[in-house]
Amino acid sequence: MKTELKTILTEAIHSAFQTGELSACDIPDIEVEVPRQFEHGDFSTNIAMVLASRLRTKPRSLADIIVRHLNDPAGIIEKTTIAGPGFINFHLHAHTWIRLIQHIHEKAGAYGACNIGNGKRIQIEFVSSNPTGPLHVGHGRGAAVGDSVANILSYCGYDVQKEYYINDSGRQIQTLGRSVFLRYQELLGETVFFPEDCYQGEYIRDIALKIQPEKGDSLLDENDEHAITFCARYAAAIILEGMKQDLIQFGVTFDNWFSEQSLYDSGEVDTAIDRFRQRGIIYEKEGALWFNTTAHGDEKDRVVVRQNRQTTYFASDIAYHYNKFNRGFETVIDVWGADHHGYIPRIAAAIESDGHRRDQFQVILVQLVNLLRGGVQVAMSTRAGEFVTLKDVMDEVGTDAARFIFLTRHYDSPLDFDLDLARKKSNENPVYYVQYVHARICSMFRKAADIGIQDVSWDDGALKVLNTPEDIQIIRHIARYPEIVQMSATHLEPHRITYFLMELAAAFHAYYNKQRVITEDVVETRMRLILMWAIRQVIRNGLALLGVSAPESM
RNA sequence: GCGCCUGUAGCUCAGAUGGAUAGAGCAACGGACUUCUAAUCCGUAGGUCGGGGGUUCGAAUCCCUCCAGGCGUGCCA
């Protein structure tokens, strides 16, 4: 609709150029938007005001000229007015709106999809939790955001790959091995000192318990280093498997699981270091190897290889991101916890040093989640092993509620996750509020089938029935959906869809209370059902992008 | 100290990438079920968009500055 109006406007301006009523100039991007006020019409444009400053004339008289040159061959506009400082407001014919329903019927599951991605290959890496403990709610938010962004991007024509980066190398894994080994020794009756920097959680004991029947007490005879390495691998595998199961329950699957260790095994870390070293980007100082990240705006250079010859995580991250781009992705998105934001400049520096543009690397920083129960914050401490896991939350409130609530905030804003609210089956719970729309419409269709109405495909008769103010209002609402999807794709912001759905749900429930759908008038009923069908489709499409189910009944 | 993020109704948050009279949910108050699912709806009340400057026809939105909060600032992960 907007594009049609833009075309009409562009032609009108050109036409005015030709008659000399406007002196020719470059036409800026024409903005057409939905006004806040209903009286301001269905769409409005500020083009006259923008042009006025260029042509140094009065916006209102300019608007007047443009309006006189408007040509609307398809007859979509009912009337055009000039208002305020120079807005041109368009009021569309009811049938223009109702025709949109036909469009939705044709597009169905693809209504809202677009091709702004044009097949561009894009990778999104998320969760990527170290396999040293179960996923907690914070990871859940990252998973919900990452998965939904991936859905949205592929819906908008991008070729998306979802990847999980497994930090299965380095000190944390060593610590994991040590923790498990200590618990294992403890289990076999040895008195051990369990240090504070080891993983305190009960799950460490559970893993040790699994090793015992397999290995007996034989690990005690091996040297500690071997035993710890064994425990580390064993534990990481179990934990990783658990995370995969949790993610499956959460409805998140990955296209690829990428191991950090593999970067060392394949020599890619060394290769990356050598390559940058040859180019002088990595240099030696005080016995360590440094990456010249300040050249790309970082505060200070960062160490890649320490004095003791051990590599830092930055080293493997350089190799990892190099590897990503080598796989042909045009854009790479990382989803991180907001506490890692200090890491962006150095990764960006590494990527730029490889000859990629800064905008080919995007980071979504997800703020933390506060769990609330009874209005009180649930204490969480990873260190002490006291945390509520993602699985706990899913089991308690369900995956739909969890996913939806994780997406009810901009990722940049901390999220209060109210467990009591999430479990509640009432209008206070936004998940049910939206899902209820779908269930209600499904119920109508069951009712309609009972009285013999089966076929609800588009019919031109709808043009005569769906023209009440209530109908037009809700059609205007669903008309905005494709733009919302596009915006959330370009901004990587799934919450826009969440909000859209909540608003659409409100509009539907209001409609439902005001306008009866199933009546004795079979023809009218069928026409109204055509609209209901479209609304249900939009709800379904939106929920799908969020990874939330659309139940037939509740 | 420096950097990033945040500051909008009593509370939790949206705000179309500069538009017209700033919105929603919760909480408060008053209403609506012999009705396609009341898991719903309608109404009332609530604001110095943290403060102050600037940019322009026009600012919650962009720039500067100050204040408050969060996070970061390792040869940690």
Side-chain angles (χ1 to χ4, degrees), chain A residues 31 33-37 39-40 44-46 49-50 52-53 58-60 83-87 89 130 132 167 170-173 175 197 285-290 297-300 302-314 337-345 365 367-368 372 375 408-410 412-416 418 421 424-433 435-437 439-448 450-451 480 483-484 486-487 490-491 493 495-496 498-500 502-503 505-506 508-519 525 528-529 532 553-554:
Chain A
E31 283 177 41
E33 55 180 32
V34 180
R36 211 188 296 276
Q37 298 291 117
E39 305 80 63
H40 294 147
S44 79
T45 179
N46 62 353
M49 280 127 80
V50 178
S53 56
K58 287 186 182 139
R60 284 194 71 111
F87 289 102
N89 296 333
N130 297 338
T132 55
N167 287 112
R171 237 192 75 187
Q172 282 200 130
I173 288 295
T175 306
D197 65 343
K285 192 179 88 179
E286 294 159 2
L289 290 183
W290 299 71
D298 198 5
E299 290 172 11
K300 52 176 285 196
R302 307 292 172 174
V303 171
V304 178
V305 181
R306 292 184 264 164
Q307 260 180 352
N308 64 9
R309 310 297 300 147
Q310 285 189 317
T311 51
T312 62
Y313 263 45
F314 184 36
D339 53 338
H340 287 74
H341 76 255
Y343 224 70
I344 297 176
L365 289 176
Q367 287 288 346
L368 47 95
L372 301 176
T408 51
R409 295 278 175 276
H410 187 226
D412 221 8
S413 165
L415 169 68
D416 286 337
D418 188 331
L421 179 70
K424 222 176 264 183
K425 291 182 170 26
S426 76
N427 56 341
E428 293 165 66
N429 189 337
V431 194
Y432 289 99
Y433 188 73
Q435 287 182 321
Y436 188 43
V437 175
R440 259 187 160 173
I441 296 176
C442 287
S443 168
M444 283 187 215
F445 279 107
R446 286 191 293 269
K447 204 94 183 173
D450 287 348
I451 56 169
R480 279 181 41 206
E483 194 191 347
I484 299 286
Q486 219 180 94
M487 292 290 284
T490 53
H491 292 264
E493 291 173 347
H495 78 280
R496 289 174 185 265
T498 315
Y499 273 90
F500 170 84
M502 292 193 287
E503 282 163 14
F508 166 79
H509 290 308
Y511 181 94
Y512 182 92
N513 272 271
K514 198 160 186 181
Q515 179 65 62
R516 190 155 176 99
V517 173
I518 296 174
T519 58
T525 299
R528 289 253 139 75
L529 284 171
M532 293 302 112
S553 68
M554 289 169 75

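Residue numbers begin at 1 in each chain, while the letters A, B, ... track the order of the sequences. Just so you know, these numbers come straight off a predicted model, no measurement behind them.
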Pairwise [atom1] distance for [N] and [M], with rounding to whole Å:
| N | M | atom1 | value |
| --- | --- | --- | --- |
| B:C49 | B:A22 | P | 10 Å |
| B:U17 | B:U44 | C1' | 35 Å |
| B:C42 | B:G54 | P | 43 Å |
| B:A45 | B:G30 | P | 15 Å |
| B:A9 | B:A60 | P | 15 Å |
| B:C4 | B:C41 | P | 43 Å |
| B:C5 | B:C62 | P | 11 Å |
| B:U12 | B:G50 | P | 14 Å |

Determine: side-chain N/O of [X] to OP1/OP2 of [N], distance under 4.0 Å, yes or no.
| X | N | answer |
| --- | --- | --- |
| A:R496 | B:U17 | no |
| A:R60 | B:C57 | no |
| A:Y433 | B:C41 | yes |
| A:K300 | B:C75 | yes |
| A:R36 | B:A20 | yes |
| A:Y343 | B:C4 | no |
| A:R171 | B:G74 | no |

(message) Can you confirm whether the side chains of A:Y511 and A:R528 place a donor and an acceptor under 3.5 Å from each other?
(response) yes

Closest to the [X] side chain, choosing from [options]:
| X | options | result |
| --- | --- | --- |
| A:Y499 | B:A14, B:U17, B:G3 | B:A14 |
| A:V303 | B:C75, B:G3, B:A39 | B:C75 |
| A:D339 | B:A20, B:C41, B:G72 | B:G72 |

(request) Under a 3.5 Å limit for both distances, which nucleotide forms a Watson-Crick or G-U wobble pair with B:C71, could you say? (result)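 Matched B:C71 with B:G3 under the 3.5 Å cut-off.
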
(request) Flag as yes if A:H495 stacks onto the base of B:A14 (centroids under 5.5 Å, planes under 30°), otherwise no. (result)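 Here A:H495 fails the 5.5 Å or the 30° condition.
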
(message) Tell me whether the ring of A:F87 lies stacked over the B:A20 base, given a 5.5 Å limit on centroids and a 30° limit on the plane angle.
(response)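 Yes, A:F87 stacks on the base of B:A20, since the ring centres sit under 5.5 Å apart and the planes are within 30°.
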
(message) Is there, by distance only and without an angle test, a donor paired with an acceptor across the side chain of A:T175 and the base of B:A77 below 3.5 Å?
(response) no

(message) With a 3.5 Å cut-off and heavy atoms only, can you find an N or O donor on one side and an acceptor on the other between the side chain of A:H340 and the base of B:G72?
(response) no

(request) Could you tell me whether A:R306 atom CZ has more than 12 heavy atoms of other residues or ligands within 6.0 Å of it? (result) yes

(request) Can you measure from CG (A:N429) to CG (A:D418) and round to the nearest 0.5 angstrom? (result) 9.5 Å

